[in-house]
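Scroll down for the structure; my scribbles are underneath it.
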Amino acid sequence: MTLTAPVITRTAAAARAADVWKVYGSGEAQVVALRDVSVELERGRFTAIMGPSGSGKSTLMHCLAGLDAVTRGDVFVGDTKVTGLSDAGLTKLRREKVGFIFQQFNLLPTLTAEENILLPLAIAGRKPDRAWFQTVIDTVGLGDRLGHRPSQLSGGQQQRVACARALVSRPEVIFADEPTGNLDSRAGNEILTFLRRSVIEYGQTIVMVTHDANAASYADRVVFLADGRIVSSLDDPTADTVLDMLKAAAG
Amino acid sequence: MIKASLRGLLQRKLRLALAVIAIVLSVGFLSGSIVLGDTLNARFAGLFSTINENVAVQVTAKDPDAAEPARLSQADLDRLSRVDGVAQASGDVSAEGVIPFRTDTGKAVTAQVGLAAGVDSRGDTLGLVELREGAWPARADEVVLSANTAKLAKAQRGTQLKVFVPQLGEARTYTVSGIAGFAGGRDSLAGETLVMFELKHAQELFYGTTGVYASASFGAASGVSQDELKKRIERELPSGFKAQTGKEATEEASNALGDSFGIFTIILSAFAGVAAFVGIFLIYNTFNIIVAQRSRELALLRAMGASWGQVIRAVLLEALVVGGFGATLGLGFGIAVGVGAEALLSNMLGVDLPSGGVVVSMWAVLWSYVVGLIVTMIAAFIPAVKASMVPPIAAMRETVRPDKSLLGLSITGGAFLVPGAGLVALALTGIGSATTLVLAGGVVLVFLGVALLSPLLAKPVVRLLGWLLGRGQAGKLGVRNALRNPRRTAVTAAALMIGVTLITTAATVAQSFKSSIEDIVGQNTGVDIMILGPNTGPPNGEIGFNPAALDEVKKLPGVTDTAAWHITIEAAIAGTPAFISAADVPTAKRMWQMQEVGGQLRTLGAQEMVVDDNMAEASRWKAGDQVTVGIGQTSKKYTIVGIYKRTPTLQGPILGLPAVDDFAGKLAYQGFVSLDDGADVAGTVAKVEDIMSDYPGVTVGDMSSFARQQSQAFDVLVNAITILLGVALLIALLGIINTLLLSIVERTRELGLVRAVGLSRGGVVRMVGVESVLISVFGCLLGVTLGVGLGAAFVKALIDLDFMSKFALPWANLAVYVGAALVFGVVAALWPARRAAKLNVLEAIAYE
Ligand SMILES: Nc1ncnc2c1ncn2[C@@H]1O[C@H](COP(=O)(O)OP(=O)(O)OP(=O)(O)O)[C@@H](O)[C@H]1O
Ligand SMILES: [Mg+2]
């Protein structure tokens, strides 16, 4: 095993992709999921990634989070160069720097809601900050459900637990891949409101992949992907400006 | 529909492989044991047809075990040889227990069987034994050895050889006049020794007079059939004799051998039974998990319109294909195991049996498919029925099944356990009669009962163990995983439980025996040195030592008293089989400090006996009563003249020395020596050993070395049982590996998730390891508890029968078992944990 020392670079970005290519397969079956993508995700901001299905949104997010290796280019999370990290380095990165919210199956069925929320800290062997934990719980509004198992929670409640889990370790960046994709608009809006609040009130950096213009309107900035390239971006979006942009891209 | 199901099966290569391995291993050891038993039986049967190859008719006494069996006179033999159609005739003079001593070490040769025969200058006219060098014995002090005997005794033509003759009760020295072999160039028939004496000398030695034979064999002239010759010979037969064709004699002999071979067959089938039983758990669990994991897929099929019956049929077809394939492979593997084990065994025993093909009986095939096919189908059927009973959408949405009540299962468990325990108790109160089946049935029911109850136990026990072992977050997750499906954990553990239970039972009984012996030794009797007969066969008077040898012992300095103990198990008291001793009661009273409870402990005359107080009470006997005592073929009325107090060392009926006349031989089986205070015990033991060196297999020791020796014998026994049950443990190990691997497949997403939130590879390994160790330690604890319970039941029964005096726990063994279970758990986790740790995080999260 080779341990690559993290390269320290001064940057204001919480996460950064520089000239990233991602190619799946080879020969006939080759798929280029990302073509020379460079993007900076500013600290303390809420960024949404949008684009048609298959455009490479999930791939970009996975590469940024160190869940997938890039084919070419570099990825940084905070000061850490992710590309080239060993498994141990990646594990450390996940413990300290990033949080995840997936579309579904976010929780361990054997643990209660509270245990699920505290899992990343427990794994890292860190003591939870009780005051912060309380704040997070209050933010997501789960107070009376902490002792329940995932199977006893609704989909919306499960996603709230997942949000709380991502927030509780105060990571550099939270990556969320269609976190509201499986929820109705009310439950979805609740989740988005928590994410928004954690950005405004606690300065959390969040990157979210979404298909939904309304969801994207909660973000500070929207980045549009098409066919593996960043085609445009929009600051302070509203549902209408996002829809216009999508129409323009499709047309 | 069916096609879709089979394709689904083939796509899950890992699961398919695990299921097939489970079936192959279980079926393999089951059929392997059966094949081994059948093949060995066939080999031995082949041995007798070799012996009787040239024998057309055999004439033997109708009752060879009679006190005075009928003998053929020389005149009888001559008359029979003149019967028309007889080509060769050979009178048989033979004995067993004739043992040569090695010329280099002076120690008795250790072979399974020590045969002796008498031959005249013509040798073996029927052509089984051929002289290789030298000459047939012409004088009373000459012998011819089989090549195997010569090899074992390190003797050659011309060497002086010491030979123990039980009829003489002592060893004599002979000159080796020649070496012989068997037809076909073999050195022995089955590893035995064979010493051939000059005919007249042999007759005198074995039968006490010349010119008599025990039986005779006849070869037929060409054109005369065995049956025809038998008819002609029968017309000339002296009374008390019967004639058999060579074929009939072969059949009878191999049947008789089959009976004495019975214990081996029983051990083998018990072993096969345990392997199959554990295998059933393994197959059941593996297939059960595999189908349960597919319940979402089955629900999808249902949602798309497949009927209940279609789903079940598809699953059963799958099980049929996998089970049939596995059972067939398993049978093949079993045949290979049987052949290998047979070769290994004959090699180890130094038996040089006639070769022949491997025997695969109908039973081997039948059992292979019953276990491989039917168990697989049942294992698949149950979860398939469960899956098809939940509404499809519920099954598809369901990620974790909510905890189902264990009540029904536990009640069923109790319904097995209680009658099972009852049967065991019943069998143990009547030990000795035909209760083996009741006992085995009871034990199987107890196993099933505990296995069914074990999910209920799994929760508290695993939680407690988890608290001890599951340190760190990874450990805690492992504990949760072990607890999440108590049925799965419990069935997996139960497979291990079976082997551990049996081993613990054996260890408990052995430990109790050992500590009972220590008790005896600790008792302050007047006996300082013990002389023990050989363990080559049951005591009956034909093995042991000449009691006259004790006269020499008595002359040694420091020796105050000696007592010879004649023992036979070929006896019955008032109709029930019994173990009977004959000794000089006043000497015994002095040496063992026997206490008189009733009557008188005096020197016994013919047909007088003393019994212990327990026995007298149980049978309501008092001094002066008459009891029928059968020894060998005799049956006489004995008068009880005295009753003594039973001690752990001394119990049972003791007859007077005149009774020894009815024993099969006059050799004593045990001897006791008392010494002066301060006498040199070790030195005296050495001298007694010297005196006893003429008697093969007789051992001498002081009381503590005797205890040590007995302890070692029990340790060897327990180790042998452990090794035999190793296969059961191996199958259980595979069971744990299977469960872990399948669970990992099932939890792929979760593994991805915990990795995504920061669990390291090492953490994943620890998590799987803890789960594995918990399962195996839980199984071990179940087994140890059950084993101690069963052991205690056995010990109680044995104490009631006076075979031992106290119950003792084998603490050291128990600690080793639990420690081994820890290691076992770690070993079982190696591969699954590696697999889990190697999972790609992203793929694991995206896994469907
Ligand atoms: N493991 C893989 N192997 C091969 N090709 C892949 C793999 N994962 C993704 N792709 C391809 O890469 C491209 C981008 O996929 P990606 O999952 O990033 O799309 P997406 O924008 O997230 O789409 P969606 O909105 O449907 O989730 C697609 O063409 C996809 O087929
Ligand atoms: Mg996607």
Side-chain angles (χ1 to χ4, degrees), chain A residues 1 22 24 58-59 61-63 65-69 86-112 115-126 149-155 158 162 165-166 168-169 171 174-175 177 182, chain B residues 296 394 396-404 459 462-463 466 470-486 489 743 746-767 770-771 837-848:
Chain A
M1 188 172 76
K22 176 69 192 179
Y24 288 111
S58 297
T59 307
M61 211 190 71
H62 292 150
C63 289
L67 282 177
D68 208 350
S86 67
D87 186 73
L90 286 172
T91 300
K92 191 158 179 286
L93 178 84
R94 288 184 208 129
R95 282 183 185 178
E96 292 167 0
K97 301 249 158 100
V98 300
F100 292 99
I101 306 167
F102 302 106
Q103 186 174 352
Q104 53 181 345
F105 300 117
N106 261 302
L107 310 176
L108 283 197
T110 52
L111 303 183
T112 63
E115 287 167 330
N116 264 295
I117 294 171
L118 293 173
L119 184 64
L121 294 178
I123 285 175
R126 275 156 46 195
R149 295 280 167 95
S151 56
Q152 299 163 316
L153 297 174
S154 73
Q158 290 183 23
R165 186 192 61 207
V168 83
S169 53
I174 291 175
F175 292 100
D177 193 349
N182 269 16
Chain B
R296 266 167 91 187
M396 283 165 71
R397 211 189 290 131
E398 200 177 31
T399 46
V400 198
R401 273 156 281 275
D403 283 354
K404 277 168 286 183
K459 281 204 163 181
V462 171
R463 205 165 275 152
R471 293 297 145 114
Q473 186 60 30
K476 279 189 196 135
L477 290 175
V479 176
R480 293 295 174 94
N481 284 338
L483 279 169
R484 70 197 291 176
N485 195 336
T489 299
S743 297
E746 187 176 66
R747 299 173 196 153
T748 302
R749 253 176 188 293
E750 292 170 44
L751 284 166
L753 187 67
V754 289
R755 290 277 281 138
V757 298
L759 194 66
S760 62
R761 285 214 167 123
V764 171
V765 169
R766 264 200 308 286
M767 182 171 95
V770 165
E771 182 178 359
K838 275 204 304 212
L839 277 178
N840 176 298
V841 181
L842 196 59
E843 281 168 12
I845 290 168
Y847 181 84
E848 269 302 338

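Predicted, not measured: the structure shown is a model, and the values here were computed from it. Lettering of chains follows the sequences in order, A, B, ..., and the numbering in each one begins at 1.
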Report yes if some heavy atom in the side chain of [X] is under 4.5 Å from a heavy atom in the side chain of [Y]; otherwise report no.
X	Y	result
B:N481	B:V770	no
A:L67	A:R94	yes
B:E771	B:L477	no
A:Y24	A:T59	yes

Below 4.5 Å from any heavy atom of chain B, which atoms of [X] appear? Answer side chain, backbone, both or neither.
X	result
A:L111	both
A:E115	side chain
A:A124	neither

### Query
Given that the side chain runs from C-beta out, which part of B:A474 has a heavy atom under 4.5 Å from chain A: side chain, backbone, both or neither?
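Looking at B:A474, nothing touches chain A.
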
### Query
Which bit of B:R747 is near chain A, if near means a heavy-atom gap under 4.5 Å: side chain, backbone, both or neither?
neither

#### Entry: Carboxylate-amine/guanidinium proximity below 4.0 Å for B:E750 and B:R480
no

